[in-house]
> 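Here it is, the structure, as structure tokens.
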Amino acid sequence: MPIDLICLDADDTLWHNMRFFAAAEEAFVAMLAPFAEAGIARDTLAEVEVRNLPLYGYGAKSFTLSMIETALELGGAALPAKAVRQILDAGRTLLAHPVELLDGIEDTLDRLAALGRLVLVTKGDLLHQEMKLAASGLGERFAGIEIVSDKQPATFMRLFARHGVAPERAVMAGDSMRSDVLPALAAGAWAAYVPQDGGWSHEAAPPPVDAARFRQLTSLAELPEWIARID
């Protein structure tokens, strides 16, 4: 049965993202050097990020709030006001960073469009994701844009129903095992994992045990060939 709907993640699947968060984290760790060792600062920030996900969701704004909270936890009353201003500046830089497409993305999207309808499925802050999509110049290549608060099996089931496609005729591709691959498989679709260097540890997960509808790729450029072989 051929694939009718091709769902693609955005951050670190179509364009670079985590490299900018990594740079902000490096600056944050250096900023907190008078109050905590680098390892403690990183671990505390990671814990605060995960703790805040139910409240703030994903994205640069959530990350900025988590950096401020971490700084207050580690610095306490000794934390100078200028540190908060520096964190806010780092957050603004994250929101304004240029959109840098991964190599060969436009050609890959053209090849995928010849195989099925393309739908962008990304999570994070609505305004920021819309800004990045507009800056990417890729928006017109997609038949649908889905910006969601999280990716769960129910998210994909609603998406497939909205686009009038049976799950077994849909595929999801992205750089997160936790958010792109496992929930899409649980919803009955096919899924391709395209890992990128520097991925967020929170998005890591063991690969699926049943690999019948799963494939790990070295780059998104391999996706059209795999989809063409699905029958």
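Since this is a predicted model, take the numbers as computed values, not measurements. One is the number of the first residue; the rest follow in order along the sequence.
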> Which heavy atom in A187 sits nearest to a heavy atom in P153, and how many Å separate them?
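Result for this residue pair: CB-O, 3.6 Å.
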> Minimum heavy-atom separation for F214 and W226, please, with both atom names.
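So the minimum-distance heavy-atom pair works out to C-CZ2, 4.2 Å.
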> For I40, what residues pass the side-chain contact (heavy atoms from CB on, under 4.5 Å) criterion, not counting sequence neighbours?
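Result, side-chain contact (heavy atoms from CB on, under 4.5 Å) vs I40: A36, E37, T44, L74.
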> Is there a continuous path of hydrophobic side-chain contacts, each under 4.5 Å between heavy atoms, that joins V121 to L133?
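No; tracing contacts between hydrophobic side chains, which count when under 4.5 Å, never links both residues.
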> side-chain contact (heavy atoms from CB on, under 4.5 Å) for D125 and E130? Distances and angles first, verdict last.
CA-CA 9 Å; D125 178 76; E130 288 179 337; over 6 Å; no
> Run the side-chain contact (heavy atoms from CB on, under 4.5 Å) test on Q196 and L102 for me, step by step, so that the C-alpha distance in whole Å, both residues' side-chain angles and the decisive distance to 0.1 Å come before the verdict.
CA-CA 10 Å; Q196 299 292 331; L102 272 68; 3.5 Å; yes
> Assigning hydrophobic clusters by single linkage (Ile, Leu, Val, Met, Phe, Trp, Tyr; side-chain heavy-atom cutoff under 4.5 Å), is V165 placed with M157?
no
> Between atom CZ of F28 and atom CZ of R42, what is the distance when rounded to the nearest 0.5 Å?
10.5 Å
> Could you grab the distance from atom CG of L53 to atom OG of S66, nearest 0.5 Å is fine?
7.5 Å
> Would a 4.5 Å heavy-atom cut-off, applied to side chains only, mark L45 and V29 as touching?
no
> Between L8 and L220, is there a side-chain heavy-atom distance shorter than 4.5 Å?
yes
> Output every pair passing side chain to side chain donor-acceptor pair (under 3.5 Å) with a member in residues 101-114, not counting sequence neighbours, ordered by first then second residue.
D110-R141
> With a 4.5 Å cut-off on side-chain heavy-atom distances among I, L, V, M, F, W and Y, is there a chain of contacts connecting Y193 to I6?
no
> Any heavy-atom pair between the side chains of I105 and W15 that's under 4.5 Å?
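SC-SC contact between W15 and I105 ruled out.
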> How far does CG of L115 sit from CD1 of I3, to the nearest 0.5 angstrom?
9.5 Å
> Is the backbone of L185 close enough, under 3.5 Å, to the side chain of W190 for a donor and an acceptor to pair up by distance?
no
> How far apart are the C-alpha atoms of L65 and V48, what are their side-chain angles, what is the distance that settles it, and do they pass the side-chain contact (heavy atoms from CB on, under 4.5 Å) test?
CA-CA 9 Å; L65 289 171; V48 172; over 6 Å; no
> Tell me which pairs pass ring-ring contact (aromatic ring centres under 6.0 Å, His included) where either residue lies in residues 95-132, with sequence neighbours left out.
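Checked against ring-ring contact (aromatic ring centres under 6.0 Å, His included) - neighbours excluded - the pairs reaching residues 95-132 are F20-H97.
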> Given L79 and L32, is the side-chain contact (heavy atoms from CB on, under 4.5 Å) satisfied, shown in steps?
CA-CA 9 Å; L79 186 75; L32 286 188; 4.1 Å; yes
> What pairs meet the ring-ring contact (aromatic ring centres under 6.0 Å, His included) rule with one or both residues in residues 133-175, with sequence neighbours excluded?
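Sorted pair list comes back empty.
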> Spell out, yes or no, whether L95 and F63 are grouped together once hydrophobic residues are joined by side-chain heavy atoms under 4.5 Å, including indirect joins.
no
> Do the side chains of E100 and R19 get close enough for a salt bridge, i.e. N-O under 4.0 angstrom?
yes
> Would you kindly say whether E203 and S179 are connected by a side-chain donor-acceptor distance under 3.5 Å?
yes
> Measuring only between side-chain heavy atoms, which start at C-beta, is D12 closer than 4.5 Å to V194?
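Not in contact.
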> Quick check: closest heavy atoms across D9 and G174, and the distance to 0.1 Å?
CB-CA, 3.8 Å
> Measure the CG-NZ distance between L127 and K61 for me, rounded to the nearest 0.5 Å.
5.0 Å
> Nearest 0.5 Å please: distance from the CD atom of Q129 over to the OG atom of S136.
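Rounded to the nearest 0.5 Å, the CD-OG separation comes to 10.5 Å.
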> Do the side chains of M177 and D180 get nearer than 4.5 Å, heavy atoms only?
no
> Is R169 reaching over with its side chain to a backbone N or O of L5, donor-acceptor style, under 3.5 angstrom?
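Answer holds: no.
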> K132 side chain to N17 main-chain N or O, any donor-acceptor pair under 3.5 Å?
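Checking the backbone N and O of N17 against the side chain of K132, no donor-acceptor pair under 3.5 Å is found.
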> Mind checking whether L14 and L120 have side chains closer than 4.5 Å, heavy atoms only?
yes
> Output every pair passing salt bridge (charged side-chain N to carboxylate O under 4.0 Å, His left out) with a member in residues 112-122, not counting sequence neighbours, ordered by first then second residue.
none
> Indicate the atoms forming the closest heavy-atom contact of A41 with T70, along with that distance.
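Reported closest heavy-atom pair: O-CG2, 4.3 Å.
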> Check the hydrophobic clustering (I, L, V, M, F, W, Y; side-chain heavy atoms under 4.5 Å; chains of links allowed) and say if V50 and L72 are grouped together.
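V50 does not cluster with L72.
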> Taking all non-hydrogen atoms of both residues, which atom of E146 and which atom of V119 are closest, and how far apart?
CG-CG1, 3.8 Å
> Quick one: list whatever passes salt bridge (charged side-chain N to carboxylate O under 4.0 Å, His left out) with R51, sequence neighbours left out.
E69, E73
> Do the side chains of F21 and L94 get nearer than 4.5 Å, heavy atoms only?
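With C-beta onward as the side chain, the pair touches.
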> State, yes or no, whether a side-chain contact exists between M31 and M67 at a heavy-atom distance under 4.5 Å.
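M31 vs M67: side chains apart.
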> Search all heavy atoms of G91 against all heavy atoms of T64 and return the closest pair with its distance.
CA-OG1, 3.2 Å
